[in-house]
Novice: 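Quick one: the structure is below, questions incoming.
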Amino acid sequence: MKKEIHVVGAVIVHEGTILCAQRGHSKVLPLKWEFPGGKIEKGESPKQALQREIEEELQCQIEVGEQIEYTVYEYDFGIVHLTTFYCQLVAGHPTITEHIEFRWLQKEELHTLDWAPADIPAIHKIQKSKNRD
């Protein structure tokens with residue numbers, strides 16, 4: 001039986017653009033793009049996990065807003081349960097620590113990147129939604 005992995009992703013919207021992060025060469029799903037975030041630890045809510053992960057990974061603070069999507073995707077290494085949320089920056093600016101590149105893109109441009117498969121359903125919902133600033 002495959003490992004069940006529960007993760008959260010932040011769709012950080014700033015000045016009409018969305019933060020996209022590229023995974024490193026040595027990571028699982030190397031060089032794929034994703035919404036930054038990470039694993040939900042025992043005792044955390046998804047929103048708490050997302051705030052913690054963004055502080056650790058991007059060294060900034062966010063306000064977590066409404067949920068965008070909940071996706072279950074089976075990879076070779078396990079079954080990922082990804083919940084994505086709209087987020088706003090409230091303090092600091094994202095800093096590269098675990099990713100190799102960031103890009104701020106308009107929602108209409110998101111499809112131009114090579115995304116991790118679990119993130120794709122959220123991208124479709126974002127692109128169909130009304131503008132968010």
Novice: Is there a path of hydrophobic side-chain contacts, each under 4.5 Å between heavy atoms of I/L/V/M/F/W/Y residues, joining Tyr86 to Val8?
Specialist: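 No.
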Novice: Counting only N and O atoms by type, is there a donor-acceptor contact under 3.5 Å from the side chain of Lys2 to the main-chain atoms of Tyr75?
Specialist: yes
Novice: Keeping Lys107 on the side-chain end and Ile123 on the backbone end, is there a donor-acceptor pair under 3.5 Å?
Specialist: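 Flag not set: sc Lys107 to bb Ile123 has no pair under 3.5 Å.
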Novice: Val80 and Phe35: same hydrophobic cluster, using ILVMFWY side-chain contacts below 4.5 Å?
Specialist: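 No.
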Novice: Look only at the side chain of Gln22 and the backbone of Trp33, and say whether a donor-acceptor pair between them is shorter than 3.5 Å.
Specialist: no
Novice: Quick one: sort the His99 and Phe102 rings into parallel, tilted or perpendicular, breaks at 30° and 60°.
Specialist: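 Taking Phe102 first and then His99, their aromatic rings sit tilted (interplane angle of 30° to 60°).
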Novice: Would you indicate whether the side-chain heavy atoms of Phe85 and Glu66 approach each other to under 4.5 Å?
Specialist: no
Novice: Is Ile68 close to Ile126 at the side-chain level, that is, under 4.5 Å between some pair of heavy atoms?
Specialist: yes
Novice: Side chain of Gln51, backbone of Gln48: donor and acceptor closer than 3.5 Å?
Specialist: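 Absent.
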Novice: Do the non-hydrogen side-chain atoms of Gln59 and Thr97 ever get within less than 4.5 Å of each other?
Specialist: yes
Novice: I'd like to check Gln127 versus Leu110 (side-chain heavy atoms, cut-off strictly below 4.5 Å). Are they in contact?
Specialist: yes
Novice: Does a side-chain heavy-atom distance below 4.5 Å link Trp104 with Pro94?
Specialist: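 Sidechains of Pro94 and Trp104: in contact.
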Novice: Can you say whether the rings of His6 and His81 are parallel (under 30°), tilted (30 to 60°) or perpendicular (over 60°)?
Specialist: parallel
